[in-house]
Protein chains: 2
Amino acid sequence: MATDLRPALGGRDAAETQRRLLDAAERLFAERGFMGTSIRAVTQAAGVSVSAANYHFGSKEALLAATYGRAIIPLNEARLARLTELERRAGDAALPLTDVLDAFLRPVFESPDDASFRGLAGRLFSDPPEIVAALKQEYFGEISERFVAALVRALPDRDEDEVKLAFQFVVGVMVHVIAGQVETNPTPPSSDVTETEELLAQMIRFAAAGLQA
Amino acid sequence: MATDLRPALGGRDAAETQRRLLDAAERLFAERGFMGTSIRAVTQAAGVSVSAANYHFGSKEALLAATYGRAIIPLNEARLARLTELERRAGDAALPLTDVLDAFLRPVFESPDDASFRGLAGRLFSDPPEIVAALKQEYFGEISERFVAALVRALPDRDEDEVKLAFQFVVGVMVHVIAGQVETNPTPPSSDVTETEELLAQMIRFAAAGLQA
DNA sequence: GTCTATAGTTGGATAGAC
DNA sequence: GTCTATCCAACTATAGAC
């Protein structure tokens with residue numbers, strides 16, 4: 001069934017090969033970082049040949065860039081859509097602080113099925129700068145500016161430089177969580193979704209209090 | 001002058017070679033991570049031969065362990081000394097929250113002259129687990145337990161699991177800052193020391209508010 | 001204690017057959 | 001479009017001279 005028409009010639013479908021490579025790359029780059037991940041490890045996990053990766057993406061760095069593109073563009077679109085909707089509803093009034101934080105954090109935690117792509121976002125802050133600086137600017141620069149501006153609007157009485165600094169603290173919390181460094185103590189009857197929801201609520205509460213302090 | 005008696009035979013002093021290696025390793029492991037740093041890069045920066053590193057430390061992983069030992073043991077001693085003094089002064093009363101946070105954070109930011117060793121602590125949370133898990137337990141396990149207990153004592157009305165979680169958020173903020181990911185906007189007449197002091201004060205204020213929320 | 005030289009792997013990338 | 005085979009550079013670690 002489905003649309004799995006194999007090409008008449010040669011091996012697998014090209015799109016399928018690329019998808020498998022990106023899936024494996026996403027997981028491995030997230031878990032082990034760029035320097036800790038070899039092309040061979042990615043291709044082996046994807047079940048394709050080493051040269052397939054170079055054919056489809058050109059280089060290891062280009063594979064990383066493609067991996068970020070696929071994972072983070074939808075995430076950032078979700079963030080900006082939520083923020084835009086908040087701004088529309090608020091009109092000229094101050095933005096509600098916890099809603100702004102929710103718009104920033106929630107898409108990170110509820111997007112895809114598995115957690116691997118979350119760690120990838122964290123690597124923007126720990127992989128060597130010459131590898132990820134451009135990607136960080138591309139995928140986090142605008143987001144950062146938009147949300148800082150929103151937080152300044154949500155906290156009209158606070159000094160702007162202090163809000164900027166506190167936003168970076170919030171990013172630190174987020175990165176730490178998505179890097180898998182936070183152990184939760186789930187209260188016994190707890191599904192994955194309620195656990196995630198609880199963690200998100202705690203992060204927002206922590207961040208909101210810190211921003212208001 | 002001084003006690004720089006060169007050994008009668010052979011090249012340089014062994015202790016001096018080790019010091020140079022540890023200095024270079026500290027900086028490079030901090031900046032580029034374990035996988036991103038080659039022994040050759042370390043020995044070249046230290047001005048010694050490749051084999052000197054293996055002779056003195058045995059392997060790349062052992063060099064990393066030695067680097068952590070030299071950098072973090074004094075740091076943790078300072079943290080625990082401050083905490084113990086706080087507990088002594090408080091007697092049976094609740095511990096003052098901001099003082100506990102100060103005891104945890106201040107030694108990280110005022111210890112050595114240069115910033116390289118700070119980043120090393122951050123690598124405990126971003127280098128591949130099979131490399132740093134044991135080091136993280138060794139150099140952060142006890143510290144973490146002691147400070148969580150102190151924070152629980154400082155916040156007797158708060159749920160213990162929530163305090164544990166919030167402590168991990170504080171660690172996230174700290175790691176983000178020591179990893180060099182936070183840009184400060186220093187108000188013009190600002191020396192390094194007042195800038196650091198200001199950053200520390202902001203972190204403590206942010207963390208204290210989040211913990212109390 | 002330090003060096004040069006080298007062994008033995010593993011890495012990224014490419015050529016050429018199919 | 002995919003594969004096998006290969007090149008070449010860089011790596012960790014060690015052997016052996018001094």
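Just the heavy atoms: all of them, side chains too, but no hydrogens, waters or symmetry mates, feed the values below. All chains are named by letter (A, B, ...) in the order of the sequence lines, taking the proteins before the strands, and each is independently numbered beginning at 1. None of these values were measured; they are calculated from a predicted model.
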Atom [atom1] of [X] and atom [atom2] of [N]: how far apart are they, to the nearest Å?
| X | N | atom1 | atom2 | result |
| --- | --- | --- | --- | --- |
| F57(B) | dG1(C) | CZ | P | 12 Å |
| L28(A) | dG12(C) | CG | P | 12 Å |
| F29(A) | dG12(C) | CZ | C1' | 12 Å |
| L21(A) | dA13(C) | CG | P | 14 Å |
| R20(B) | dC3(C) | CZ | C1' | 15 Å |
| E61(A) | dG12(C) | CD | C1' | 12 Å |
| E16(A) | dG1(D) | CD | P | 14 Å |
| H56(A) | dA13(C) | NE2 | P | 16 Å |

Under 3.5 Å, which N/O atoms of the protein pair with N/O atoms of nucleotides 16-18 of chain C?
none

*Provide the full list of ring-ring contact (aromatic ring centres under 6.0 Å, His included) pairs with a residue in residues 34-67 of chain A, sequence neighbours left out, each pair given once.*
F29(A)-F34(A)

By salt bridge (Lys or Arg N to Asp or Glu O under 4.0 Å) - contacts of [X] (at least two apart):
| X | value |
| --- | --- |
| E61(A) | none |
| R82(A) | E110(A) |
| E162(B) | R205(A), R158(B) |
| D102(B) | R106(B) |

_Over 60° means perpendicular and under 30° means parallel, so tell me whether F140(B) and F125(B) are parallel, tilted or perpendicular._
perpendicular

_With V100(A), the side-chain contact (heavy atoms from CB on, under 4.5 Å) member among L105(A), L211(A), L151(A), L155(A)_ = L151(A)

Counting only side-chain nitrogens and oxygens, does [X] get under 4.0 Å of the OP1 or OP2 atom of [N]?
| X | N | answer |
| --- | --- | --- |
| Y55(B) | dT2(C) | no |
| N54(A) | dA13(C) | yes |
| T17(A) | dT2(D) | yes |

Tell me which donor-acceptor pairs under 3.5 Å the side chains of residues 35-51 of chain A have, and how far apart each pair is, sequence neighbours excluded?
| unit_1 | atom_1 | unit_2 | atom_2 | d |
| --- | --- | --- | --- | --- |
| T37(A) | OG1 | L28(A) | O | 3.1 |
| T37(A) | OG1 | G33(A) | O | 2.7 |
| S38(A) | OG | A41(A) | N | 3.0 |
| T43(A) | OG1 | I39(A) | O | 3.1 |
| T43(A) | OG1 | R40(A) | O | 3.0 |
| S49(A) | OG | S51(A) | OG | 3.3 |
| S49(A) | OG | A52(A) | N | 3.3 |

*Tell me, which of residues 32-42 of chain A have any heavy atom that sits under 4.0 Å from an atom in DNA chain C?*
T37(A), S38(A), I39(A), R40(A)

*Can you run down the salt bridge (Lys or Arg N to Asp or Glu O under 4.0 Å) pairs that involve residues 68-78 of chain A, sequence neighbours left out, and say none if there aren't any?*
D23(A)-R70(A), E26(A)-R70(A)

